[in-house]
Amino acid sequence: MSTEQDYDCVVIGAGVQGSFTAYQLAKHNKKTLLLEQFILPHTRGSSHGQTRIIRKAYEQDIYTQMMGESYQLWAQLEKEAGVTLYRQTGLLVMGPETSGEYPLVKNTLLKNKVPTVILNRDNFHQHIPNVVLSEGHGALLDETAGVLFADRALKAVQHQFQKLGGVIRDNEKVTEIKPGPVVKVTTSGGAYQARNVVITAGPWTNKFLAHTGIQLPLETVKINVCYWKEKIPGTYGVKQRFPCFVVTGSLESKEHIYGLPSNEYPDLVKICYHMGSKADPDYRDLQTDTSDIDILKRYVSRCIPGLVPEPAVVESCMYTLTPDRHFVLDYHPNYSNIVIGAGFSGHGFKFGPVIGKLLCELSLGEVPSFDLSPFKIRRFQSEMKSAL
Ligand SMILES: Cc1cc2nc3c(=O)[nH]c(=O)nc-3n(C[C@H](O)[C@H](O)[C@H](O)COP(=O)(O)OP(=O)(O)OC[C@H]3O[C@@H](n4cnc5c(N)ncnc54)[C@H](O)[C@@H]3O)c2cc1C
Ligand SMILES: O=C(O)[C@@H]1CCCC=N1
């Protein structure tokens, strides 16, 4: 007699994407198991921390359009769970006015009729005191943007999933997966079988996919999450209506610098560099490169003069990058009942609810609500390795 427990679907990895996928499957009355290797909540993947930026400001229409639905689903979760998950602050986008990402973001916002204020050198200081707009940079405000309360959101979606009858088993690392019409999943604590599996293993995706015979061109990097002290408390606070901000390709670097107003830690503003150094998620803290912090120090002293240009707090988080920085939302190339959600490239949290919906649709064999061609695995054909 089999001791394996049967589910319609097993979701592997309880970060933001796995948790929303499991919640969507349970909403569709699917008997769903959500497996997590660590005791929840944990701080070793990509979804922990108190805050994330939510925005419609993107270069590509597809993301701006997906965010239209994501905002609605975030609001729905807030209502169902009876908690506040979003605070509107607006997002200040600054960057070289006529080259790189800034003009593309501006165009997408205007084309998609997202409430946007275009700032100029004359009115910039009136809207945004205590920030220096670099020479040659344009500036705009995506008014719909704001802050998501990340840890609270994860707790809320996992709780709603359980209320719908879903089962979470944490402290259970999946150690083996045997594909087939019924997939057999072995963990450090048990054995399960399911008609469908969704893999949302964040920075561990390739380690995990090795069990299924493929490797994706993913790079895992450690991000230094820096908090900077206000010289005068509150200068850049949510109560002063200071917005989130992104600096696209700047003098200091080609990568973004981004920030969130002080809120979660009194008098500390979160400002990070949108890139890190290569790190294995199981040995994250052995990566001690701080060249990103040097870039940030120079930026803070030049452009945010009301902050002490030395981080007061540095935390760690992981990005899982694809070569083109677009997500992977697709079926496993060899098994149509295994779906993969991966490579969120440091910008996936805000999409959690809509990613959950899309991965659920794929798993149920439904036509996805958005055209997922930009997110298909076959775009990596030349870079793909077999793990066998
Ligand atoms: C510093 C930082 C700032 C960011 N800022 C923003 C932002 O402002 N806005 C935004 O939208 N996005 C942002 N992001 C990106 C966003 O947080 C990530 O894209 C998102 O959290 C990825 O979620 P995930 O579920 O794919 O991965 P994870 O959260 O890492 O979840 C994967 C889970 O799978 C589990 N797992 C792995 N292997 C196994 C196994 N074998 N068995 C069982 N469980 C397993 C892991 O333990 C983990 O819990 C930021 C990310 C970082 C690091
Ligand atoms: O996704 C986001 O909004 C943040 C800020 C810009 C760079 C990456 N993450």
### Query
Just checking, any donor-acceptor pair under 3.5 angstrom between side chains of Asp151 and Gln50?
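Judged by distance alone, the side chains do not pair up.
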### Message
Ignoring hydrogens and geometry beyond distance, is a side-chain donor-acceptor pair present between Glu101 and His256 at under 3.5 Å?
### Response
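There is such a pair (donor and acceptor under 3.5 Å, judged by atom type) between the side chains of Glu101 and His256.
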Pairs of donor and acceptor atoms involving the side chains of residues 232-243, under 3.5 Å and at least two apart or interchain, shall be tabulated with distances.
unit_1, atom_1, unit_2, atom_2, d
Thr235, OG1, Ile232, O, 2.4
Tyr236, OH, Asn130, O, 2.6
Tyr236, OH, Gly306, N, 2.9

side-chain contact (heavy atoms from CB on, under 4.5 Å) with [X]: which residues, sequence neighbours excluded?
{"X": "Ser70", "value": "Met67, Trp74, Pro353, Val354"}
{"X": "Thr84", "value": "Glu78, Phe149, Arg152"}
{"X": "Lys155", "value": "none"}
{"X": "Cys272", "value": "Val225, Tyr258, Lys270"}

May I have all residue pairs that pass ring pair (Phe, Tyr, Trp, His ring centres under 6.0 Å) and include part of [range], sequence neighbours excluded?
{"range": "residues 22-46", "answer": "Phe38-His42, Phe38-Trp204"}
{"range": "residues 308-329", "answer": "Tyr63-His326, Tyr63-Phe327, His274-Tyr319, Phe327-Phe344, Phe327-His347, Phe327-Phe351, Phe327-Phe375"}
{"range": "residues 86-109", "answer": "Tyr71-Tyr86"}

### Query
Which residue pairs satisfy the side chain to side chain donor-acceptor pair (under 3.5 Å) criterion with at least one member in residues 138-148, sequence neighbours excluded?
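Of all non-adjacent pairs touching residues 138-148, those that pass side chain to side chain donor-acceptor pair (under 3.5 Å) are Asp142-Thr144.
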#### Entry: Contacts of Asp170 that satisfy salt bridge (Lys or Arg N to Asp or Glu O under 4.0 Å) - sequence neighbours left out
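In terms of salt bridge (Lys or Arg N to Asp or Glu O under 4.0 Å), with neighbours along the sequence ignored, Asp170 is linked to no residue.
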### Partner set under salt bridge (Lys or Arg N to Asp or Glu O under 4.0 Å) for Asp371, not counting sequence neighbours
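Scan of Asp371 (salt bridge (Lys or Arg N to Asp or Glu O under 4.0 Å), adjacent residues dropped) gives none.
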### Query
Any salt bridge between Glu80 and Lys163, counting N to O under 4.0 Å?
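Salt bridge flag = no for Lys163 with Glu80.
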### Query
Quick one: ring-ring contact (aromatic ring centres under 6.0 Å, His included) partners of Phe380, sequence neighbours excluded?
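Residues passing ring-ring contact (aromatic ring centres under 6.0 Å, His included) with Phe380: none at all.
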